[in-house]
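Only heavy atoms go into these numbers, but all of them, side chains included; no hydrogens, no water, no symmetry mates.
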Amino acid sequence: MNTTYFAEIILPLSLDGTFTYHLYEEDLQQIKVGQRVAVPFGTQKLYTGVVHSIHQNKPELYKTKAIHAFLDNEPLVTQTQIKFWEWMSNYYMCSLGDVFRNAFPSALKLESQTFVRLINAEFSAIDELNDYEFLVFEALKLRQIISVEEAALIVDEKSAIPTLKLLIDKGIICLDEKLSEKYTPKIDNYVKIHPDLKGNDQAFIAILDQLNKAPKQRETLLQLITLETQLQGKPLKVADFVKQGATNAVLKSLAEKGAVEIYQFQTSRVEGKEEETSEISQLTLKQNEALTQIKTQFVDKSTVLLHGVTSSGKTEIYLKLMEQVIAKGNKVLYLLPEISVTTQIVHRIKKHFGDKVGVYHSKFNQNERVELWQKTLNGDFDIIIGPRTALYLPFDNLGMIIVDEEHESSYKQMDVKPFFHARDMAMLLGGLMNAKVLLGSATPSAESYYNAINQKYGYVELNERFGNIKLPEIKIVDLKKAQKEKEITDDISHILRDEIVEQLKDKKQVILFQNRRGYAPIMECNTCGHTPECPNCDVSLTYHKFSNQLKCHYCGYVQAKPIRCPSCGSHELNTKGIGTEQIEHQVQAIFPEAKVRRMDVDAMRGKFAYEKLIEDFENHEIDILIGTQMITKGFDFGNVNFVGVIRADSLLNFPDFRAHEKAFQLLTQVSGRAGRRQEQGKVLIQSFQAEHQILQNVTTYSYAPTMKDILYERKEFLYPPFTRLINLRFKHKNKERLDKTAEQLVTLLKASFESRCLLGPEAPSIGRINNLYIADVMIKIRPNQSPQKVKDLIRQKIEQLHTISAFRSVRIDIDVDPV
DNA sequence: AGCACGCCGACT
DNA sequence: GTCGGCGTGCTC
C-alpha cells in the first residue's frame, strides 16, 4: 500500500494531539475537514473522530491504520470550531480529545459500546436495504437492542458503524436512550359566567328565574358576578371559587344549565402575563442612552461591560441589540447561568423572535442536543440561548455574544475537563468570529470591573431601576443582640417574623434565603462531641430530616441517622447549624397557615421541577419560598416585595480570596428580588456580624467602594486580576505518595518562581473525596511573565516528574484560572 | 481515557 | 491449582 495522503483525526481521548490515519485514493474524493469518521483504535475499539486536517507527511515512528468509514457527506464541525477547540485545549492545558468529548454531543459519537434499538419493526421495503442492513435488521427483530460491538460480529467490523448509520437515517433504528421524560403542563379548571349571558339581560333573567327553586345555585351565580367584577377580567380558578363557598356540585349544575362555563386553561409558563407584547417595549431615556453608549464603545472595543443595577431593564437593551445584529444578517449567542436558562427570560426572547430562537440546556437529552446542533449548523436560528456549553455549537456568522450575569461562578466548568470559563471563552470565540461581546451584570466580577475601568473593555452604567422604582431598602438584623434580648425564635428574629406577617397580610409573597441546603449541616454528640463523618471523604455528614438520613454532599454517600452516638453510645445526638430544610420547618411552625416551599438542588430534581416551581409561585400557590443561591438567578416576580436573609455569616467567612466579592454579589442579587415591579422593596439580612464592612456596603449599594477595597487586597496579596492563577490538583489514594509527588513537582518548579508565587502543596479544606486524597499547588503568574511560557514550563516539569514511575500514578488535574 | 499484559493474594 | 486485584505501558 503506497498511500501518500494522511488525515489527522481528533479522537475523544485524554491523550495529547491528533492521530494519523492513511487515506486511500477513493477517500480523497469524500474526505472533508470537520467530517465525522469511524476509526479503529488499539486492538478492539472503534471510535468516532473528526477530521482535523489532511496532509502528506508520512509518520515514521508508527504504522498508520486506515479510516473505516466516513459518517457524513458534509462536515458536522466547522473549521472555526476546530480552531476554538485547539485554543481551549492549549489554554486550559488539557488534550484536544478532552475538549472534543465535552463539546460534541455524545449521540453523534457512535462507539463500540453504544446500543441501538429497533423502532420500526414493520419496515417492509426490504429490498431498499443492502445485505448488511438486512442482517442487522433481522438480528434486531429477534433482540430489540444490540450494541455496535455486536453488530460488528454480525456484519464485519469495518461495516458496522456505517450500516447502523444508514439504518438510523432510514428511521428503522435509533440510539438507545432511556425514555425521555415527559412534561405534562399543569391544567386547571376555571369558571366564568357563560358568554351567552354576557350583555344579554333577558337570557340572564330567564336563568335566574329558573334558579328560583335552587337557592344555592342562585347564590353562587350572583357571587360569581361580584367576583368577576372584582377580578377585572382575570380568570377565576374553580379551586379558588370553592374556597370562597361554592361547591363543585353546584357549579356543575350551573354549567349544565348554561349559566356558567367551566373551561380548562393550561397554566402555561410560556405565555406570559398580559403586559407582554410581541413588540420590544420602548426603551426609557436611560436605557436608550446606555444602548447608544454600548454601540459607540463597540466601535473600538470588542468587549463592553454593562453594569446595570438589578431590575434596570438590561434585558430590553439586549433585545434591541439582538434585533440590530440580526438585521445585519448576523447571529446572536446569549449565555445565561445554568438555571436561568429555563426561566422567564427565554420566553420573553421567544416572544419577540419566535422560532428563530434556539434554546439549549443541560437537561436536554441527547436527541434534543443533536437536533439543536444540526439546526445551528443549518443556520436555522438567529439567536441561541444557553448555558456555558452553548459555546460549543457550530455557529456561523456570529455577530454578538451576550454574557448575562457575567459574575456568576457557574460559568466556570468544574466537573469535567476542560475547566473553562464561559465568559473568557466567549471573548475568545468572539475574537475568532469577529463578534462583539457584551458582559452584563448588576454586580460585575472584580476581573471584569478592573478591565473596564482600565479601558480594556468598554464600560456602560445603568444605575436607575426600570420605571424609576427605588432600590430596596436593606436593613441588617443583629442576631447577637436579638439573642441577648430573646427577640428570636429558633433562627427567625422577631423583626423578620413581624415583617413576614405584614407581607402575608398584604397578600405578598416572601422569599427567604439560606445559603445551605439540608436540615442541619452536622450532627454532634452532646456527650463526647463526636460528629459522624463520611467514610470516603473528609467531611462531616449533613443531616436531612425529610429522609432521616445523613448524606455526604461530595460523594453522595448516605446512611440512616444513627439513634445512638456511634462513638460513645450516648442518645444525646444534636444538630448544629442550619440548612434550608430546617428553616422550612421553623417557618412552617411560625406560620402554620402559609404555603411554604423550598428551592434547592434536593427539591429541584427532575427535568421540570424548576418550571413547576416557577408556575406554582406565579400562581400564588406559594406564600413563602425558602431557597439557596438558586433563587438569585433569573427569578423575577412582581408580587415579591420582601426578601429575608436568614444568616449572612456563612457567606462572609469562606476561606477563599473571593469570599467578600461573592458575599457582596450574592446579597445584592438576593436583595434585587424584592420590589421589582411597582413599589420599593424591603430586605432584612440577619447576621451575627452586623458591623461587617461588606454588609454595610450592601445596605448602601456601595459597589465601587467595595470593589476598591477588594482590588486593593487582591493587589496586595497577588491575586487576580493582578496575577493569573493555575492550580495543580493532585489526587491519589495513598496520602504519602500524593504528598511526595506534589513536593517533588514543587521542587522542580521552585527555580522558576518567587516563593510567594508558588504555594503549597496544601490540603484543600476537603482533603479527601471518594477515597482519594487531594493536595493543591497554586501558581501565580505575574504580569511580567508570559502565561504561555509558564504553561509550557509546567508541562515540561510534569513530564520530567513522570520519568520516575512512582510519581506517574498520581493524577494531576490542572485548573487554569480557578474560581 | 480505555485496554491488554503481567504479577501477586484468596478461593473453588 | 485458577480468578481477579491493580500497577504499568501503549494506543495513530
Any carboxylate oxygen within less than 4.0 angstrom of a Lys/Arg side-chain nitrogen, looking at A/Lys731 and A/Asp813?
yes
Students often mix this up, so state it plainly: with edges at 30° and 60°, are the rings of A/Phe134 and A/Phe137 parallel, tilted or perpendicular? tilted
Residues pairing under salt bridge (charged side-chain N to carboxylate O under 4.0 Å, His left out) where one sits in residues 77-94 of chain A, two or more places apart or in two chains, turn out to be none
- Message: Just to be sure I understand the rule, does A/Tyr21 reach a base, reach only the sugar-phosphate, or reach nothing, if contact means heavy atoms closer than 4.0 Å?
- Response: sugar-phosphate
Item to complete: Check whether the ring centres of A/Phe100 and A/Tyr47 lie less than 6.0 Å apart, and answer yes or no.
Response: no
* Asked: Taking only side-chain nitrogens and oxygens of A/Thr20, does any of them come within less than 4.0 Å of OP1 or OP2 of C/dC12?
  -> no
Looking only at C/dC12, B/dA4, B/dG2, the nucleotide nearest the A/Thr43 side chain is B/dA4
From CG of A/Leu13 across to P of B/dA1 the rounded distance in Å is 10 Å
Please write out each protein N/O paired with an N/O of nucleotides 6-9 of chain B under 3.5 Å, distance rounded to 0.1 Å.
none

Show me the protein contacts with nucleotides 6-9 of chain C, counting only N or O atoms at under 3.5 Å.
{"unit_1": "C/dG7", "atom_1": "OP2", "unit_2": "A/Lys733", "atom_2": "NZ", "d": "2.6"}
{"unit_1": "C/dG9", "atom_1": "OP2", "unit_2": "A/Arg808", "atom_2": "NH2", "d": "3.3"}

A/Leu15 CG to C/dT11 P, in whole Å, measures 11 Å
Rounded to whole Å, the NE2-P distance (A/His68 to C/dC12) equals 11 Å
Whole-Å distance, A/Phe41 CZ to B/dG2 P, equals 11 Å
From CG of A/Asp98 across to C1' of B/dA1 the rounded distance in Å is 8 Å
Separation of C/dC12 atom P from A/Tyr47 atom OH, nearest Å, is 10 Å
Margin query: I'd like to know if A/Glu743 and A/Lys740 make a salt bridge, using a cut-off of under 4.0 Å between side-chain N and carboxylate O.
Written below: no
Next item on the list: Please check if any side-chain donor atom of A/Asp817 sits under 3.5 Å from a side-chain acceptor atom of A/Tyr91, or the reverse.
Entry: yes
A/Lys417 atom NZ is separated from B/dA1 atom P, nearest whole Å, by 5 Å
Check your understanding: In terms of side-chain geometry, is the basic nitrogen of A/Glu447 or A/Arg658 positioned less than 4.0 Å from the acidic oxygen of its partner?
Key -> yes
| Are a donor atom and an acceptor atom from the side chains of A/Asp792 and A/Gln788 found within less than 3.5 Å of each other? | yes
A/Asp16 atom CG is separated from C/dC12 atom P, nearest whole Å, by 16 Å
Between A/Thr78 and A/Pro394, the two heavy atoms sitting closest are CG2-CB, 4.3 Å
